[in-house]
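The block underneath contains the structure these notes are about, expressed in structure tokens.
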Amino acid sequence: MYTGIGASAGIGIGSVVIVKEPSLAYNNVEISDVAAEKERFEAALEQCIAKTQAMAEDMKTRVGEKEAEILEGHVLLLMDPEMTGQIHANIENKMCAEASVEQVCDMYAQMFASIEDEMFQQRATDVCDIKTRLLKILLGVEDLDLASVPAGTVLVAEDLTPSMTAGINPANVAGVLTEIGGKTSHSAILARALEIPAVLSVEGIVSKLENGQQVVLDGSTGEVFESPDADCLAKYTAKRDAYLAEKAALKAFIGKESATKDGHVVELCANIGKPEDALKVVECDGEGVGLFRTEFLFMDRPQVPTEEEQFEAYKKVAETLEGKPVIIRTLDIGGDKEIPYLGLGKEENPFLGFRAVRLCLQRDDLYRPQLRALLRASAYGDIKIMVPMISCVDEFRTVKGMLKELMAELDEKGIAYNKDIKVGIMVETPAASLMADVFAKEVDFFSIGTNDLTQYTMAVDRGNPDVAYLYSTYNPAVLRSIERVIKAAKAEGTMVGMCGEAAADPLLTPLLLSFGLDEFSVSATSILATRKVISLWTMEEANEVAKKAMSMATAAEIEEYLKSVVK
């Protein structure tokens with residue numbers, strides 16, 4: 001058995017087809033005719049753009065707009081005047097087109113890869129994909145045709161680039177195995193969109209398997225079995241059938257109320273990172289957006305987005321949701337999210353430092369345009385503003401004061417906005433939790449961010465493997481904090497939601513219901529599964545489970561107990 005990262009759920013059973021890129025070797029000779037070489041590069045660039053646009057259109061039709069965005073991003077890179085300008089400059093210095101493309105693309109890829117942010121590192125992979133496609137066109141090398149592999153194929157590759165994945169016919173591909181990539185890589189995103197089980201980052205898997213060999217892979221656990229025996233095959237065939245049946249059963253929850261067995265109704269929303277993600281919320285029958293992470297609008301670009309760009313992004317989400325609530329979190333950078341062009345200094349403890357609202361309140365040039373864009377967009381739907389990383393009431397009052405000033409400016413100019421726009425906070429610090437009763441009188445809503453709340457409550461760096469054992473939302477200290485926040489909100493009639501990972505955890509569902517959580521915000525793909533889990537409980541049962549769980553002293557005891565009663 002081999003193990004890797006389970007990147008796309010499901011069981012894949014099939015025969016191996018090893019995907020190997022052809023040689024892209026070329027003679028790096030000094031050129032004599034600069035004009036002709038520039039022409040050759042331009043022709044290759046034009047062909048590459050046309051091919052990529054065609055792939056994006058095909059992806060849009062077959063899979064969805066969100067997934068097509070990955071390839072549309074490639075088109076923008078190919079059209080970037082700075083990148084093409086550098087390639088032209090190399091050719092003017094007598095470098096052949098192939099070497100020029102390779103040198104410039106490698107430089108960009110290294111630059112992106114050096115930034116400690118998943119989105120930028122994925123951009124490095126995209127640049128490498130573009131380089132390969134340009135070199136193929138320049139060298140006259142045919143693209144791999146993954147659309148024509150036989151039914152029951154398990155594709156095995158060092159990496160599966162977005163352009164390769166875009167050509168896959170999911171009816172013929174039972175699974176994907178690669179040596180590199182993770183859950184957030186573009187190949188993983190596309191595999192999930194195509195509903196193909198995938199296990200990535202399986203070390204040396206290309207050399208360990210042979211064409212035609214039978215394999216079984218579990219896209220949830222990351223396990224891979226080569227040449228499975230009859231027992232293994234029977235076991236995973238049954239698992240595959242059960243998984244497909246469960247998936248089909250979830251479709252019965254489309255259009256249904258998010259309610260417990262005895263009729264207690266909650267709101268079930270989704271977390272998104274880009275305007276295009278709102279389409280997936282609608283597709284998955286979400287009741288709104290519980291968290292729009294606006295920092296992604298600021299990433300993967302060379303400068304701050306303008307107020308107009310932000311306004312269009314927020315407006316697009318509001319219009320896509322057609323009147324359903326959209327909670328938009330103001331800029332939350334710092335900690336593990338860096339934006340190089342802002343020039344923020346290095347900090348000893350970035351998670352405890354100059355981040356989120358602390359940064360925004362000292363950067364009017366960033367915050368005021370964002371708040372103004374949010375106010376303007378509120379005229380197009382039910383937008384609510386959420387302020388992250390609040391630790392004292394003064395911060396929230398300052399934000400409210402800024403909003404009041406901006407509203408007056410908009411009134412003067414006759415610009416429409418929702419004069420009753422709701423403004424709330426993300427509860428993710430112990431300070432906000434301890435002051436929840438006070439905050440509940442000042443804010444319009446709470447949204448509990450369990451990822452950071454767990455980290456700060458337990459004083460644990462969640463990225464440090466040596467203390468990872470302490471990072472658990474099942475810890476009674478964390479659960480007491482969550483319960484306290486919800487009860488404080490209920491006492492004041494303040495809406496309280498949750499947008500952290502815990503909202504989608506079926507073990508915690510009865511506790512959150514019993515505590516009185518109003519809104520669960522999960523990934524779009526978890527909406528129907530979460531709705532189903534909620535429907536399996538009565539409030540009486542949830543209260544009994546919560547009472548017992550909250551009497552326990554350790555995270556291990558609570559987790560073990562919740563596993564024993566999970567539905």
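Owing to the predicted nature of the structure, the values given are computational and were not obtained by experimental measurement.
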Could you pull out the closest heavy-atom pair between [X] and [Y], with the gap in Å?
X	Y	value
Met386	Ser447	SD-CB, 3.3 Å
Asn27	Cys96	O-SG, 4.1 Å
Thr320	Val282	O-CG2, 3.6 Å
Cys284	Ala524	CB-O, 3.3 Å

request  = Find the distance between CG (Asp218) and NZ (Lys239) and round it off to the nearest 0.5 Å.
outcome  =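 Reported value, rounded in 0.5 Å steps: 4.5 Å.
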
task = Would you please say whether a donor-acceptor pair under 3.5 Å links the side chains of Thr52 and Arg133?
result =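 Yes, a side-chain donor-acceptor pair sits under 3.5 Å.
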
Pairwise side-chain contact, [X] with [Y], heavy-atom cut-off 4.5 Å (strictly under):
X	Y	value
Asn172	Thr153	no
Glu72	Glu276	no
Thr125	Ile180	no
Glu210	Val16	no
Asn451	Tyr471	yes

ask   = Does the Arg531 side chain pair with the main chain of Phe253, one donor and one acceptor, at a distance under 3.5 Å?
value =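 Answer holds: yes.
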
query = Using the ring of each side chain (for Trp, its six-membered ring), is Tyr236 parallel, tilted or perpendicular to Phe225, with breaks at 30° and 60°?
reply =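 Correct class here is tilted.
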
